[in-house]
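The figures that follow rest on heavy atoms only: side chains count, while hydrogens, waters and symmetry mates do not. Numbered from 1 within each chain, the chains take letters A, B, ... in sequence-line order.
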Amino acid sequence: MKMDLWKGIAILAAVFMLLVSLLTIVNYLQIQRADPIHTETINLLVDRLNQNPQDVSLRDQIRELDLLVRKAYFTNQWQVRTGAYLLLISLAVFIIAMQIVEGRKKPQPELETEETEGFLSIQKNTRRWVAVGGGVLVTTALLLTYLTHSELENRFELAAQGKPEVEKQLPAKDSVVVVQNKQADVSKQAEVVPVPEVLPNVEESKEVEKKPVEVQPKQIAENEKIEPESPKKTEPSKTISEQTLKNNFPSFRGYGGNGVSFKENLPLHWDGPSGENVLWKTEIPLHGYNSPIVWEDKVFLTGANDERQEVYCFNGNTGVLVWTAVIDNIPGSPAVSPEVTPDTGHAAPTMCTDGTHVYAIFSTGDVVALDMSGSIVWARNLGVPRNHYGHSSSLLTYEDKLLIQYDHSNEAKVMALNTQTGETLWSTARKVKVSWASPVLVNTGSQMELILNADPLVASYNPETGEELWQLKCMMGEVGPSVVYADGVVFAMNEYASLVAIQLGEQATILWEDDEFLSDVPSPVATDQYLFVATSYGVLVCYDAKTGEKYWEQEYDDGFYSSMMMNGDHIYLIDKRGITHIFKASNVFEEIAASPLGEAVYTTPAMGDKSIYIRAEKHLYRIGM
Amino acid sequence: MSRHVKQRIVSWMALGCLLAVLCSFGMDASAQQRFPKPEFENGHTQPPTFTPAPRADFMEVVDVFVLILSLSVVTWLVLNKRSRKGVFWASIFSIFYFGFYREGCVCSVGSLQNVTLALFHTGYQIPYTVIAFFVIPLIYTLFFGRTFCAAVCPLGAIQDLVALKPYSLKSWVEKTLGLFPVVYLGLAILYAATATDFVICRYDPFIGIYRMEGSFNMLVLGAAFLLAGVFIARPYCRFFCPYGVLLNLASRVSRRHMTITPSTCIQCKLCEHSCPYGAIEKPVPAHTKEKRSGLVNNAIFLSLIIPVLILIGGYAGSLLHESLAKVNPTVRLAEQLLNEVETVDGIIPLEIEAFRSSGQSLESLYAEAAGIIQQFYIGGWILGGIVGLIFGITLARLTIYRYRKDYEPNKGRCLSCTRCMDFCPVEE
Amino acid sequence: MNKRLLLIFALILLLASLWFMLSDFFDDEPLTTTNPYEYNIDNYKIVDSSVIAWKETMNIPVTGDTIRSLGVDQQDNIYVGTFHKLLIYSKEGHLKNSFDVGGKVYSLFVNRSGKIFLGMKDHIEIWNRSGRKLQSWDALNSKSIITSIHCSDELVYVADAGNRVVYQYKPEGMLQMRIGEKDSTKGSPGFVIPSPYFDLLQGRDDELWVVNPGRHQFEAYNEKGQMISSWKKTSMQLDGFSGCCNPTHMAMLSTGDFVTSEKGIERIKIHRPDGSFAEVVAPPEAFEEGTVGLDLAVDSEDRILVLDKFKGAVRIFERK
Amino acid sequence: MEAEEKKYNRREFVNTGIRFSIALGLGGVAALVAKRSAGGELVWQLDPSKCIQCGRCATSCVSSPSAVKCIHVYDMCGYCDLCGGYFRPGTKDLTTAAENQLCPTAAIKRSYIEEPFFEYSIDEDLCIGCGKCVKGCGAFGNGSLQLQVSHNICLNCNECAIARDCPTDAFSRVSSDKAYSFKGF
């Protein structure tokens, strides 16, 4: 009786369980459908509403629908949860009932009624099935492998090494082509990524490739052509007296490059637009940032772009372009000009002359010596300079030597070439970064010294031998201004670094330092007493040369690129707009004149007889009375 | 009904005194200002950031304590009291405590994956409690047989409850299916060791029931196991459970295993069909002794081919390594990128998008994937080899037998459920 | 018979479960999932190319951690403040100098004489181009975050996002005035600054323009600190600003037009002095998603400089 | 009989040997593993700085609704009127009407404090952890809305189902005494 009751309960619980689970499943599926998150309709309606924000009925429809969906969702969720509890309870009831039912049944030992299989045959049968099971496993493994194996690991390893996959499906020939193409792509990519680094390399490699093929024979030919000539032309080497050099304007910033000229009666007032005191004005064919040099009645300039390199000679009296020498076909010269920035250009270094020849250097590393009539005496390439703006250090001569500061990122050195033949007399390697400053050659009392400014060294060399005389680690950055020397003190500076006054003596020592006003491009001038600094952003400052005390500062609206020139106690400084400010070299600021040229000027003026030569943006001017 | 309340009720029912000190741990007070928020003139105070504390650490220690306690109690019930009723109520307790209250995490079965992962990956920090859950049942089994399975394991307990109409399986079915847990264990270890997945946890059929929620598939799987469990007792324990493999091995050398009869067997055969798990070894009839010589030859032959079976298994496993490795998410991602399947139905899969924004290079991903496949290759050899070895041993063992004159539980397979004891007429 | 059937049924059930587990586990479907909860503002990121009147002409890669602030001097040299360094680039993008300033540069401004004003979270430091510290002003308070500086010859304006106020200083460092503070007695609504973006600049008539980013409003003040005009526009479309804190930065062209940068919908636009939308400098597609804090500067040639810390570059835009 | 006894003893001896070597091995493994253990308990948590709000937290969790919730870090909130986490993009009028709300389950409550500030709070029971508001707040606001595993709901599964599905590996086990990790703090 009791047994039947429990049995009934068990059956009831089972039926109930089935029903609840069915209902719960239905509900569960409904939730999936009515999930408010997945109601695309509401989102669509909202999009429509955004397009017609005034549609009130649409808005109300959204709100209503939202409410409905939400209600349905939560009701369903409640139902599922309740269902789960009911299910669990009914399961528990079912189990309890069944346990009781089963527990009440007194176990009846099942006596051996049928003949049991023999123990051994059971074992045998089991062995067979275990073996079958193993066989099934192995077969499945083989089958699966056969069906799905795709050499993934090898492919990954190849791909990890960046190698292209060999396409198996293609016939052999095609696959080779494919692989080659892909490899070509890969190498292309590899080149393109680090653009600034690799480009020069590419050029170099091109150069290397070409040399043996085309250029070599030419080189030999040229050498043969030039060399027999040069000894004929070579006049007995006459040392030109210092006075002659001083009377002329043989290099950037005058004789020795120290920013001092030795003239009298230079003009003070002029006016470019009206032509006042402008003796002549001539257009310059090709652009360049180099400054004019003067020898007697000849004025020399260079100009270049990425295709042509030219040297110009003007008649100083008339302004007529006397000759133009085209510099090309120099052995070793790169086929493509190196990339330079427009603010440096291909013709930034100023020429120099020793009265016999004129010398010029270009961004390509081409150095050329011409005679006064414009024919090439010798020419050679120093190796393409690796310089991200373009080479800009100017040239100097000392006796029979052409001195070249050649500080570049692939090779930094200072060298002297034979002015007659162009061969290297000495070359001293330097541990410096790229420098855009120019060398300065001064007599420091006991000897001639070639002083160079670069990051990180200010260093001096014996111009005869190239031996380093002294060096000081005190500079940094991308050095533009050249040094200036006065009375045993060398002044070096660079913007974003510092201004250093170096006392020469047994040992070069720092006399004083300052970092308030620093120049980026223009070079300073100095007297025994004063140092004058012009900054590229337009401030002019006077320091005490020995103590570093600042006497005065003067701010101009326009900045300066042009370097200062000192003549007597007058200092000439041209701003970017072309106005030449002439002021007294004294501890009180006194501007004598401000004379406009009417054209932008970035170069340094050259002082001639009672006149000044100025290279402006497009024209060469001679100013004088 | 919020989960909170549910948890409380369950914990009351289960432990009474161990009422949750849950969530009483205050707010995270580390809230420091990043950028000053507005100052309110009307004196509004900002509510605290809602950060409910996780279950307190000492509660985990309580879990370990409960585990040891229930293991001891069940062992005592099995070995000393020989009480089926006691074991039954112990399993009810386990269902409520380890099942409904602890919601099946962490269980000993899953802990073997954590231990494997910790062994192979030094970066993975395994909590002490997980180690305890792994080691303690094994130690108990080593000394007292599988009393853990009898009533402590919540997975076993729930199946034991529903084993209402158990029918015994043919020996060959039992043996053949009984080899699957080895494969399962191997797979679980392989996937845990490669930090790919916790397979056991993923296909734990009863966790959905204990949590009373889960994905549809998970619940259906649980229902299927319970349903099958009515007729085939404890199907998960016998034909799936990977931890059971370890317990089986440990139990074979157990010091004090339960016995069917409290003293001497009288060969009444009453217990012969009492075991729903087919774990009672019948006496070996004396006349089989005569055919022994043939069997010895068989045994020698089968022992000799064990190395061959290991090689075959290992080779098959190594062949499968790629299919096995494809479960790994890194390998899947790398494969898809390699095959240039970057969009599926015009949609860029999130994994690929995430990979792209991670900044990792394709090459390093491929290298990583190749490394993982290599791991699977080695793992495949080992896994296959071990499976081959087990098959070989099983086959070899099926040719030898020990002369047995009494009814005895198979020490490996016996789950110590004590059902058979009720059938034994022998009094102590 | 019945028993056998049940057994077979149970076994099949088990094998089916096993099959399900295996097939689910070794499921080899390609990865795909769409996000049903996608937060989608793509429609607002589409910009018609006809309104994009500028193009990127240069890109100066900036190395350094936490690239933060941008400035330009009279010579168009470009200054970038990073975690604790100041980098100076030439107009052409060559690194001229870099030096350690010992702190995070939240904002910077270079005055006419080349002095560099650095906003260092809670105080101002003045440096020169060679890396020498000339002056360091007193710290404000712990809440301060100096997000913008602008100086004329007579006055220095400092935007403090943390205190939601603009300070007016003398160039020597004397605090003159606090501008724009919330004050209900004076009916001053104050600046609403939900996140540390608060920019200011001086207009062509030396009037002070301040962004009130929480209200999407531009406010002009005279040197006495009185608001003299304002304009605002809230919209996700091109004609306005949206979200919590936009625009994040501004600059002014020589025409008096405002250049603005936004987060959320990453874009740079130009608004006329009256606030009406003029044109787009860079559409959202020019930036990585999630780009914030695009500091702006305009140089003497009216090039627009954008500090994109996500791409690690100063990006320069010029009119097409 | 005696032979049997002997055999039995030998078997017992071998068993004891095996038993102790297994126990020793187990102890060794446990000790090795324990040495690498951090000690305390570990809980699942997601790293908001890796989260891309893909929406899988809402669907992958074994709990429903998900144990991952949007948690409002009030200290970072700007209390904006135009909240990117609350309003659908492009909403014209800033009201709490259904058509303006971004949250699919309307789990965010907006309350007025004073001009011009509003406070946003989250109804935990409604939040499904989809991360939609998190993305909106991150894009336009301070990112004060962040997804986190809420530990009163998280079951601390041995292997988190969301961790398995997370495309950016943002889920990891963290020490339970640092159970929450907010970005920007």
Side-chain angles (χ1 to χ4, degrees), chain C residues 24-25 27 31-45 161 164 182 184 187-198 212-217 232-238 240-248 262-267 284 287-293, chain D residues 49 51-60 66 68 70 75-94 102-105 107 114-118 120 127-145 147 164-167 184:
Chain C
D24 180 64
F25 189 66
D27 168 35
L31 316 159
T32 40
T33 16
T34 45
N35 182 0
Y37 315 108
E38 180 79 62
Y39 178 82
N40 203 330
I41 47 172
D42 291 350
N43 282 340
Y44 297 97
K45 292 194 171 185
R164 299 169 233 284
K182 184 173 180 176
S184 39
S188 167
F191 298 115
V192 180
I193 304 166
S195 49
Y197 299 105
F198 186 35
N212 194 343
R215 298 180 197 272
H216 312 131
Q217 180 162 293
K232 71 177 281 186
K233 177 75 190 169
T234 299
S235 161
M236 270 200 152
Q237 309 289 351
L238 282 176
F241 308 98
S242 68
C244 267
C245 208
N246 270 323
T248 58
E262 285 167 72
K263 60 177 181 143
I265 300 172
E266 309 84 6
R267 60 190 179 194
F287 302 99
E288 273 173 44
E289 202 178 298
T291 299
V292 291
Chain D
S49 60
C51 176
I52 56 166
Q53 295 92 37
C54 65
R56 289 192 189 169
C57 288
T59 52
S60 290
S66 173
V68 173
C70 173
D75 281 321
M76 287 167 68
C77 182
Y79 288 80
C80 310
D81 186 2
L82 173 48
C83 173
Y86 184 80
F87 291 110
R88 281 178 193 255
T91 297
K92 299 281 186 306
D93 44 340
L94 307 181
L102 181 68
C103 181
T105 55
E114 67 180 42
E115 220 290 305
F117 302 123
F118 289 81
Y120 300 90
C127 178
I128 57 166
C130 69
K132 206 171 179 177
C133 58
V134 175
K135 196 154 196 177
C137 177
F140 289 101
N142 287 1
S144 61
L145 295 173
L147 285 183
R164 191 166 58 222
D165 287 354
C166 178

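In terms of modelled atom types and a separation under 3.5 Å, the side chain of C/Asn246 and the main chain of C/Glu262 share no donor-acceptor contact. Under a 3.5 Å cut-off, the side chain of C/Glu266 and the backbone N or O of C/Gly290 do form a donor-acceptor pair. Looking only at distances, no side-chain donor or acceptor of C/Asn35 sits under 3.5 Å from a matching main-chain atom of D/Arg56.
For chain D, no part of C/Ile193 is nearby; none of its heavy atoms comes within less than 4.5 Å. For chain D, no part of C/Ser235 is nearby; none of its heavy atoms comes within less than 4.5 Å. D/Glu115 touches chain C through backbone and side chain together, each having a heavy atom under 4.5 Å away. For chain D, the nearby part of C/Asn40 is the backbone; its heavy atoms alone come within less than 4.5 Å.
Within residues 77-84 of chain D, the residues having any heavy atom less than 4.5 Å from a heavy atom of chain C are, in residue-number order, D/Gly78, D/Cys80, D/Leu82, D/Gly84.
Taken from OH in C/Tyr39 to SG in D/Cys133, the straight-line distance is 10.0 Å, to the nearest 0.5 Å. Rounding to the nearest 0.5 Å gives a distance of 9.0 Å between CD of C/Glu38 and NZ of D/Lys132. Separation of atoms CG (C/Asp42) and CD (C/Glu289) is listed at 7.5 Å; rounding is to 0.5 Å.
For D/Phe117, the ring-ring contact (aromatic ring centres under 6.0 Å, His included) partners at least two apart in sequence or on another chain are B/Phe40.
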Applying side-chain contact (heavy atoms from CB on, under 4.5 Å) to D/Phe140 and C/Lys263, what does each step give before you reach the verdict? CA-CA 6 Å; D/Phe140 289 101; C/Lys263 60 177 181 143; over 6 Å; no
